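For reference, the structure is listed below as structure tokens.
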Amino acid sequence: MAGTASDVTRVLNGEVGYREGFTNGHWNNKQKYSAAVPGLEWSDYQAWCCTFTSWAFQQAGMPKGSYPVTASCATATNWWKQQGRWSDYPAVGAQVMFGPGGGSHTGIVIAYDADTITTIEGNTNTSGSAEGDGVYRKTRQRRDAYVYGYGYPAYPGGIKSADPDWKNPTTTEEDPMAGITKQDIYDAVWKTDKVPAPKTSNTIKTNPTWQAVSVLSDIADNVRAVKAAQAGQAAAITALAKLVGSGVDTKTVVTAVEKAIAAAVIKVDVDINGQGI
């Protein structure tokens, strides 16, 4: 997991319905979260709402040091304030603190609107008690006096907040083409993805696998060979025509034969990276 607010919400939703231990007719605060959070093993059988939020942040992949690891709501409240990540407004993925000084109870906000917050809380019940029996999804009034405030985790990409003064950090996207030269692009296009050379290649023994540039180079070699053969044929025809008897129009013979040869040759223009080959 990447430790985003969505990751935290997914973890929380998976825990709704979990119940603590029950012995001798009483809920006993025995739960699975204390043992799973390094440093909070001792808190089993204790009030566990804050242990649950620590576990949720950890389980979602939040980096260590980006959230308070504590079983104490008061300690968590102070931690958020000391980090400068405290607000009176809800945010998705924020830890909401309840009661005087934020020391009574806690949960995590998964949604909010103009009037309410939707939370998932551990160690509560259907009535929203701070000493309950399990994990519940709750809807509470934003402006209820019981809501003390919110701690904002430093999620990648910021946090969706109702706080008009909250500023998410600006991030600069890395340019994927930064540092890439024209030569790099040319090499990537023409000098990668080797393929077997054609059996008709003149260089198959020394160059058995071809890059794209090899294909065009071979075409250029063939074009040059055809042009050379054409020139040789034209020269031979010229010499032959000169041997014809005086009764023959030499120029007419040469011209006619050259046109016949030229018509049989396909003209090919080859260009690589703006340079003729």
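These figures come from a predicted structure and were not determined experimentally. Numbers here simply count residues along the sequence, with the first being 1.
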> Just how far is it from atom CG of Asp44 to atom CG of Asn28, taken to the nearest 0.5 Å?
Replying inline: 8.5 Å
> Checking Thr119 side chain against Glu121 main chain: does a donor-acceptor pair fall under 3.5 Å?
Replying inline: no
>> Could you tell me if Thr77 and Tyr148 have a donor-acceptor pair between their side chains, going purely by distance under 3.5 Å?
In response: no
>> For a quick test of reading the model, state the closest non-hydrogen atom pair linking Cys50 to Thr53 and the distance between them.
In response: O-OG1, 2.8 Å
>> Using modelled atom types and a 3.5 Å cut-off, is there a donor and acceptor pairing between side-chain atoms of Asn168 and backbone atoms of Ile159?
In response: yes
>> Distance check, rounded to the nearest 0.5 Å: Gln95 atom CD versus Tyr67 atom OH?
In response: 11.0 Å
>> So does Arg140 get a backbone contact from the side chain of Thr116, meaning a donor-acceptor N/O pair under 3.5 Å?
In response: no
> Which atom pair, heavy atoms only, marks the closest approach of Ser104 to Gly99?
Replying inline: OG-CA, 3.5 Å
> Does the side chain of Arg85 reach to within under 4.5 Å of the side chain of Trp166, using non-hydrogen atoms?
Replying inline: yes
> Same cluster or not: are Val135 and Phe22 linked, directly or through other Ile, Leu, Val, Met, Phe, Trp or Tyr residues, by side-chain heavy atoms under 4.5 angstrom apart?
Replying inline: no
>> Taking the side chain as everything from C-beta on, heavy atoms only, tell me whether Gln46 gets closer than 4.5 Å to Thr51.
In response: no
> Does the pair Val11 and Trp55 meet the rule for a side chain to side chain contact (heavy atoms under 4.5 Å, CB included), with working shown?
Replying inline: CA-CA 10 Å; Val11 168; Trp55 175 88; 3.6 Å; yes
> Okay, side chain of Lys138, backbone of Thr126: is any donor-acceptor separation there less than 3.5 Å?
Replying inline: yes
> Closest approach of Val92 and Ala111, non-hydrogen atoms and distance?
Replying inline: CG2-CA, 4.4 Å
>> Nearest 0.5 Å, please: how far is CG in Asn123 from CG in Asn29?
In response: 5.0 Å
>> If I take atom CD from residue Gln31 and atom SG from residue Cys49, how far apart are they, to the nearest 0.5 angstrom?
In response: 10.5 Å
> So, Thr4 versus Asp7: side-chain donor-acceptor pair below 3.5 Å or not?
Replying inline: yes
> Applying the 4.5 Å side-chain criterion to the ILVMFWY set and letting contacts propagate, would Trp42 and Val37 be lumped into a single cluster?
Replying inline: yes
>> As a quick check of understanding, evaluate ring-ring contact (aromatic ring centres under 6.0 Å, His included) for Tyr33 and Trp48, giving each step before the final call.
In response: CA-CA 8 Å; Tyr33 305 109; Trp48 52 277; 5.6 Å; yes
> Got Pro153 and Ser66 here, is their nearest side-chain heavy-atom distance under 4.5 Å?
Replying inline: no
> What heavy-atom pair brings Arg143 and Asp115 nearest, and what distance separates the two atoms?
Replying inline: NH1-CA, 3.9 Å
> Can you check whether Asn13 reaches Arg137 side chain to side chain, under 4.5 Å on heavy atoms?
Replying inline: yes
> What is the minimum heavy-atom distance between Gly3 and Met62, and which atoms define it?
Replying inline: O-SD, 3.0 Å
> Are any non-hydrogen side-chain atoms of Phe57 and Ile108 less than 4.5 angstrom apart?
Replying inline: yes
>> Nearest 0.5 angstrom please: Ile110 CD1 to Thr139 OG1, how far?
In response: 8.0 Å
>> What I'd like to find out is whether the side chain of Tyr155 reaches to under 4.5 Å of the side chain of Lys160, using heavy atoms alone.
In response: no
> His105 and ring-ring contact (aromatic ring centres under 6.0 Å, His included): which partner among Tyr136, Phe98, Tyr146?
Replying inline: Phe98
> Distance-only, no hydrogens or angles: does the Gln58 side chain make a donor-acceptor pair with backbone N or O of Ala36 under 3.5 Å?
Replying inline: yes
> With distance as the sole test, does Thr124 use its side chain to make a donor-acceptor pair with the main-chain N or O of Ser129 at under 3.5 Å?
Replying inline: yes
> Phe52 and Gly122: which non-hydrogen atoms are nearest, and at how many Å?
Replying inline: CD2-N, 3.4 Å
>> Within the 3.5 Å criterion, strictly below it, is a donor on Tyr152 or Ser87 matched to an acceptor on the partner's side chain?
In response: yes
>> Can you tell me if Tyr18 has over 12 outside heavy atoms packed within less than 6.0 Å of its OH?
In response: yes
>> Check whether Arg142 reaches the backbone of Ile117 with its side chain - one donor and one acceptor, N or O, closer than 3.5 Å.
In response: no
>> What's the separation between atom OG1 in Thr106 and atom OH in Tyr150, rounded to the nearest 0.5 Å?
In response: 11.0 Å
